[in-house]
There are 2 protein chains.
Amino acid sequence: MAVTITDVARHAGVSRSTVSYALSGKRSISASTRDRIAEAITSLGFTANAGARALATSQTMVLGLLTQFHQDEFAPAMLQYVLPISDTARELGYDILLVTELDATDALRRVTSAGMVDGVLLLDVIHEDPRLDTLRAAAQPGALVGLPKDTEGLDVFDLDFGESARILVDHLFGLGHREIIVISPPLHVFERGGAYGWRFRDAALERGARYGLQMHSYYGESQQPTIGQSVNAILDARPTATALIVHNDATIAALPSILAARGVRVPDDLSVVSLFSKDFGRSFSLPYTAVESSPDQLGQHAVRQLVRRITTPELAGAPVTRFIAPELAIRGSTM
Amino acid sequence: MAVTITDVARHAGVSRSTVSYALSGKRSISASTRDRIAEAITSLGFTANAGARALATSQTMVLGLLTQFHQDEFAPAMLQYVLPISDTARELGYDILLVTELDATDALRRVTSAGMVDGVLLLDVIHEDPRLDTLRAAAQPGALVGLPKDTEGLDVFDLDFGESARILVDHLFGLGHREIIVISPPLHVFERGGAYGWRFRDAALERGARYGLQMHSYYGESQQPTIGQSVNAILDARPTATALIVHNDATIAALPSILAARGVRVPDDLSVVSLFSKDFGRSFSLPYTAVESSPDQLGQHAVRQLVRRITTPELAGAPVTRFIAPELAIRGSTM
DNA sequence: CTGAAAGCGCTTACAG
DNA sequence: CTGAAAGCGCTTACAG
């Protein structure tokens, strides 16, 4: 079978503990011993068994990544979070256990209570997320991506949707726009507790109200051709609006062709601003001025804080709720 | 700390082995004992430690999923494979270790030699895939999604790109088309050994030649606005072509707006056929007659065969190379 | 600088 | 039907 630490010890003529210490560097080893061990390891092709090590150290060096794929959600968005998380984890020495089960609460309980992971990342957290109670009861720490209603005792990371909305409204207001359409995520996103929907919308409406702007708020659609029909209906109903704020990936991806078909030129006939990630904008080549989110930063922060809590809980401090600052990228879709 | 099997045994007044057998059902237990154990388990909240179990059984119940994210590739496509794989694995009792490292060969060696997984799934396999040697040297079995040049000793699953191309050419030929444009994946996909590119293209050209058709072959682009420019240039250069076969997700996703902008009506002015998955077509609402691939079937087959090889190698038989049959979905984009 | 031994939490022959 | 014990492959106090 596989070569074990015992084989290495025998081959190098030392004890297993010495091999182990050589591996970990936790005590000093004479040069000659170290060399013999190194030689034995390479010539035998030894790699320490992860399970045995986990059992001995009670550290799996694995993080659970709990995703939820809402059938209605725009798939491309998910990968933008998963990849940076995986990369950052690896950088810190951790592997990723991908958990996609529909019954996320059950799955969370399973992987934590079986000790399969040292910590857990919850993606796509909603307002009242049923996973949170299970997480709080778990022996391992967790970090959330997405802001829930009750953050008690949890490390939370999210984009600053409120600030993003304000930045966009300010931008349009500064350019002289006085009647603005806001397209939010689809209604069912709100209904299932996707708080980013109302955090953005409410901030936008509030800001608009403060400036005395005429704001028109609509829900977006998640699929073509409904998106096109909906956008057309909205634009028909609001012929005097001069600007469009779109907070919906599916709509923004479809918008160029919808507006082209309608003969609407951007920004001459209509100013358009949005909120999406750099990667997303790039792969769909969205030419819109937008607040750019940074899924990679979000993921990085979440993983780093989680690992801190795992390895040095005393330094991790009190639970944090951290919002990633939005940045406005001007791309000429407004005037 | 966490509750162990010893706690359960003590609570139920039996030995650890009896608890273990009650858990596994590998020997008969008297009703009263079984009840006491069950009571102890629930009242203590016991879950067997996965690492300890793995060490004792040499089974981790984890599959490695090795993905490669080519920066040029269309992100949405990836998730269509990952999700069905994860679901099927869970159905069979396995969890998924997601490995996304750039140095995939190294990562593969790491997770296999450390015994972190019972088997491994390689996604996005290319013609001469450097991971294959490592896989062949590993103690665990593996399954590939994607056809490499040398399938020696490996279970391989892929879509039948050649047959897909033939089906589409046959369809167009049957409708009377005599001059056809084929848009393949981008050149760099070919260059890095993405064999699906030439498997499809070569089969299409060959079939066209057999029918005496005029076939024009081009590489696609991966991003807007280059895609639009390229398509426009191609259509300008081939004004008499009556049909378009598109084998490129990014191009097909962008095509509706490109053709609309050009004033080309489908199918009146141009027949369009493609090759994509149901999900993909749905989320981008592509109204094109197409050969539909089934990433879910692919993933399911790969996982099932892999698990068979893990659990009952004697029944898994000789290595298989299996192509998923394509299906033509007529959607009225041809005439 | 190094070794012998206990222990991590399970499973599974071996006995009865 | 059930238990005592060995073993999976590591790590880490404890000794020297």
### Message
Is it true that A:Ser30 and A:Thr33 share a donor-acceptor pair across their side chains at a distance under 3.5 Å?
### Response
yes
#### Entry: Strand partner of C:dA13, provided both Watson-Crick or wobble distances fall under 3.5 Å
none
### Message
Less than 4.0 angstrom between a side-chain N/O of B:Lys26 and OP1 or OP2 of C:dT11, yes or no?
### Response
no
### Task
Would you mind checking if B:Arg136 and B:Asp150 are paired as a salt bridge, meaning a charged N to carboxylate O distance below 4.0 Å?
yes
### Task
Give B:Thr33 one of three labels, base, sugar-phosphate or nothing, depending on what nucleic acid heavy atoms sit under 4.0 Å from its own.
sugar-phosphate
#### Entry: Value in whole Å for how far the P atom of D:dT2 lies from CZ of B:Arg36
8 Å
### Message
Please determine whether the number of non-hydrogen atoms from other residues, nucleotides or ligands lying under 6.0 Å from atom CZ of A:Arg304 exceeds 12.
### Response
yes
### Message
Is it true that, when you exclude B:Leu315 itself, more than 12 heavy atoms of the residues, nucleotides or ligands shown sit nearer than 6.0 Å to its CG?
### Response
yes
### Task
Could you state the atom-to-atom distance from CD1 of A:Ile5 to P of C:dG3 in whole Å?
12 Å
### Task
Side chain of B:Leu55 only, please: which of C:dC1, C:dG9, C:dT2 is the nearest?
C:dG9
### Message
Of the listed nucleotides (D:dT2, C:dC10, C:dG3), which one gets closest to any side-chain atom of B:Ile29?
### Response
D:dT2
### Message
Can you identify which nucleotide, out of D:dC10, C:dT12, D:dG3, has its nearest atom closest to the B:Thr18 side chain?
### Response
D:dG3
### Task
Quick one: pull up CD in B:Gln300 and OG in B:Ser294 and give me the separation to the nearest 0.5 Å.
10.0 Å
### Query
Rounding to a whole Å, what distance do you find between B:Asn49:CG and C:dG7:P?
18 Å
### Minimum-distance nucleotide (side-chain atoms of B:Tyr21 versus D:dG9, C:dT11, C:dA13)
C:dA13
### Task
Using a cut-off of 6.0 Å, state whether more than 12 heavy atoms not belonging to B:Glu152 lie near its atom CD.
no
### For C:dA4, the Watson-Crick or wobble partner whose two distances fall under 3.5 Å
none
### Task
Grab the CE-C1' distance between B:Met61 and C:dC10 for me, whole Å please.
15 Å
### Query
Can you find a donor-acceptor N/O pair under 3.5 angstrom joining the side chain of A:Arg27 to the base of C:dG3?
yes
### Query
For A:Ser30 and C:dT2, is the shortest distance between a side-chain N/O and OP1 or OP2 below 4.0 Å?
yes
#### Entry: Between C1' of C:dA4 and CZ of A:Arg16, the distance in whole Å
10 Å
### Message
Counting only side-chain heavy atoms from C-beta out, which of C:dC1, C:dT12, D:dG9 sits nearest to A:Thr4?
### Response
D:dG9
#### Entry: Residue A:Ser20, side-chain heavy atoms: nucleotide from C:dG3, D:dT12, C:dC10 that is nearest
D:dT12
### Query
CG of B:Leu23 versus C1' of C:dT11: gap in Å, rounded?
11 Å
### Query
Is A:Ser17 touching bases, backbone alone, or none of the nucleic acid, heavy atoms closer than 4.0 Å?
base
### Query
D:dC8 P sits how many Å from A:Arg53 CZ, rounded?
18 Å
### Query
Tell me: CE of A:Met116 to P of C:dG9, nearest whole Å?
17 Å
